[in-house]
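When a residue number appears, it is its place in the shown sequence, counting from 1.
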Amino acid sequence: MNAKHVTVEVYGAEIVCASCVNAPTSKDTYEWLDAAIQRKYPNHPFEIVYIDIESVIEDERQRKLADQVKDEEYFYPLVIVNEEVIGEGYIQLKPVFNELEKHGFVSSI
């Protein structure tokens with residue numbers, strides 16, 4: 001199966017989630033995911049986007065998700081792959097990698 005272009009979105013804020021004590025910040029999670037995906041799937045097209053829930057968000061779908069995070073319907077960081085919620089709060093690599101592989105990504109490791 002050929003890999004499709006995938007968009008990974010990480011929603012978060014500067015302040016660490018109160019329920020996520022000792023977890024990395026949302027921005028750290030974004031950078032960590034970006035590096036991990038590039039390392040494991042170097043030849044696959046993907047885009048990773050950080051959305052600060054406290055900023056002005058032009059895209060209506062992203063704004064609604066950011067509002068849901070602010071309204072505590074989701075913990076942050078919230079990770080979405082092609083509009084599918086993959087994880088929230090304490091993010092683990094395995095669910096993210098599993099979702100990427102559903103889209104045709106094949107590990108080079």
Between [X] and [Y], what is the shortest heavy-atom contact and its length?
| X | Y | value |
| --- | --- | --- |
| Ile48 | Leu33 | CD1-CB, 3.9 Å |
| Glu9 | Ile51 | CB-CD1, 3.8 Å |
| Tyr30 | Val49 | CE1-C, 3.9 Å |

Could you work out, with salt bridge (Lys or Arg N to Asp or Glu O under 4.0 Å) as the rule, every residue matching [X], not counting sequence neighbours?
| X | answer |
| --- | --- |
| Glu84 | none |
| Arg63 | none |
| Asp67 | Lys70 |

Listed partners of [X] passing side-chain hydrogen bond (donor to acceptor under 3.5 Å, both in side chains), at least two apart:
| X | result |
| --- | --- |
| Lys64 | Glu60 |
| Glu54 | none |
| Gln68 | Glu73 |

Report the residues that fulfil side chain to side chain contact (heavy atoms under 4.5 Å, CB included) with [X], sequence neighbours left out, ordered by chain and then residue number.
| X | result |
| --- | --- |
| Ser55 | Asp52, Ile57 |
| Gln92 | Tyr90, Pro95 |
| Ser26 | Tyr50, Tyr76, Pro77 |

Could you check whether any side-chain heavy atom of [X] comes within less than 4.5 Å of a side-chain heavy atom of [Y], counting everything from C-beta outward?
| X | Y | result |
| --- | --- | --- |
| Leu65 | Val69 | no |
| Arg61 | Glu83 | yes |
| Val81 | Phe46 | no |

Enter the distance from [X]:[atom1] to [Y]:[atom2] here, rounded to the nearest 0.5 Å.
| X | Y | atom1 | atom2 | result |
| --- | --- | --- | --- | --- |
| Leu100 | Asn82 | CG | CG | 8.5 Å |
| Ile80 | Thr7 | CD1 | OG1 | 11.0 Å |
| Ser108 | Gln38 | OG | CD | 11.5 Å |
| Thr29 | Leu78 | OG1 | CG | 11.5 Å |

| query | Under the ring pair (Phe, Tyr, Trp, His ring centres under 6.0 Å) test, which residues partner Tyr41, sequence neighbours left out? | reply | Phe97, Phe105

| From CA spacing to verdict: side-chain contact (heavy atoms from CB on, under 4.5 Å), Tyr11, Glu88 | CA-CA 9 Å; Tyr11 291 78; Glu88 58 180 306; over 6 Å; no

| Can you pull the salt bridge (Lys or Arg N to Asp or Glu O under 4.0 Å) pairs that have at least one residue in residues 25-48, sequence neighbours excluded? |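 Of all non-adjacent pairs touching residues 25-48, none passes salt bridge (Lys or Arg N to Asp or Glu O under 4.0 Å).
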
